[in-house]
Amino acid sequence: MSSLRRLTAACLLLAAASAPTWVQADAVEDAIEYRQGLMDIFSWNLTRMGSMVKGETPFDAAAFKGYAADLAAASALNFMAGFPDDSVSDESEAKDEIWLNKADFDAKHQAFKEATAKLATVAAAGEEGATREQFKEAAGACKACHKEFKK
Ligand code: HEC
């Protein structure tokens with residue numbers, strides 16, 4: 001083989017070997033961006049409701065209802081799509097435990113989904129006391145998952 005041919009063959013081999021990894025790395029990055037984007041939506045709404053509950057901003061039932069509805073809608077999106085197997089990276093704070101204990105992770109997400117759906121219902125009914133109580137449940141569901149599954 002001429003040295004040029006040898007080089008071409010080596011390049012082709014290298015390209016073939018690295019192609020699948022490229023695709024995979026891309027899919028992992030996309031999933032990480034998706035789940036972090038979802039979390040940012042959760043956080044946007046939760047923070048604003050939290051300020052009202054803490055009295056940092058005046059309690060505005062109509063605004064609260066909107067945040068609660070958006071949080072419930074976001075938590076009903078396909079959450080697990082953001083956590084394909086082994087989607088770990090330096091850009092992510094996801095712990096390996098997610099994939100080692102997927103049933104528990106999924107259960108934590110279900111509990112969160114239920115808590116936010118209930119929050120949207122009580123906030124829509126305009127019951128301030130019940131809304132404040134249920135807010136704690138929803139915020140607690142974020143923490144319960146982060147404690148075990150987020151670095
Ligand atoms: C079922 C588990 C689970 C629930 C429920 C959950 N989170 Fe997370 N959260 C995670 C994991 C895992 C990460 C790390 C994601 C990553 O970096 O790849 C994360 C990351 C985040 C981040 C950082 C996002 C970023 O851009 O790096 C914020 C903010 C956040 N969560 C807010 C919330 C809020 C607010 C709630 C509740 C309203 C919530 N999360 C509910 C698991 C959860």
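Ligands are counted one by one from 1 in listed order, and the atoms in each one are counted from 1 as well.
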Problem set entry | Shortest non-hydrogen contact between A115 and Q134, atoms and distance | O-NE2, 3.1 Å
Of the protein's non-hydrogen atoms, which lies at the shortest distance from [atom], and what is that distance?
atom                    : result
atom 8 (Fe) of ligand 1 : H146 NE2, 2.1 Å
atom 16 (C) of ligand 1 : S92 OG, 3.3 Å
atom 4 (C) of ligand 1  : C145 CB, 3.5 Å
atom 36 (C) of ligand 1 : C142 SG, 2.7 Å

Exercise. Is it true that K118 and E114 make a salt bridge, defined as a side-chain N closer than 4.0 Å to a carboxylate O?
Worked result: no
Problem set entry | Polar contact flag for S43 and ligand 1 (N/O pairs, less than 3.5 Å) | no
Applying a 4.0 Å heavy-atom criterion (strictly less than), which segment of [X] is in contact with ligand 1: side chain, backbone, both, or neither?
X    : answer
K151 : neither
E93  : both
F149 : backbone
D40  : side chain

For this session: Report yes or no: does a heavy atom of T47 sit under 4.0 Å from some atom of ligand 1?
Result: no
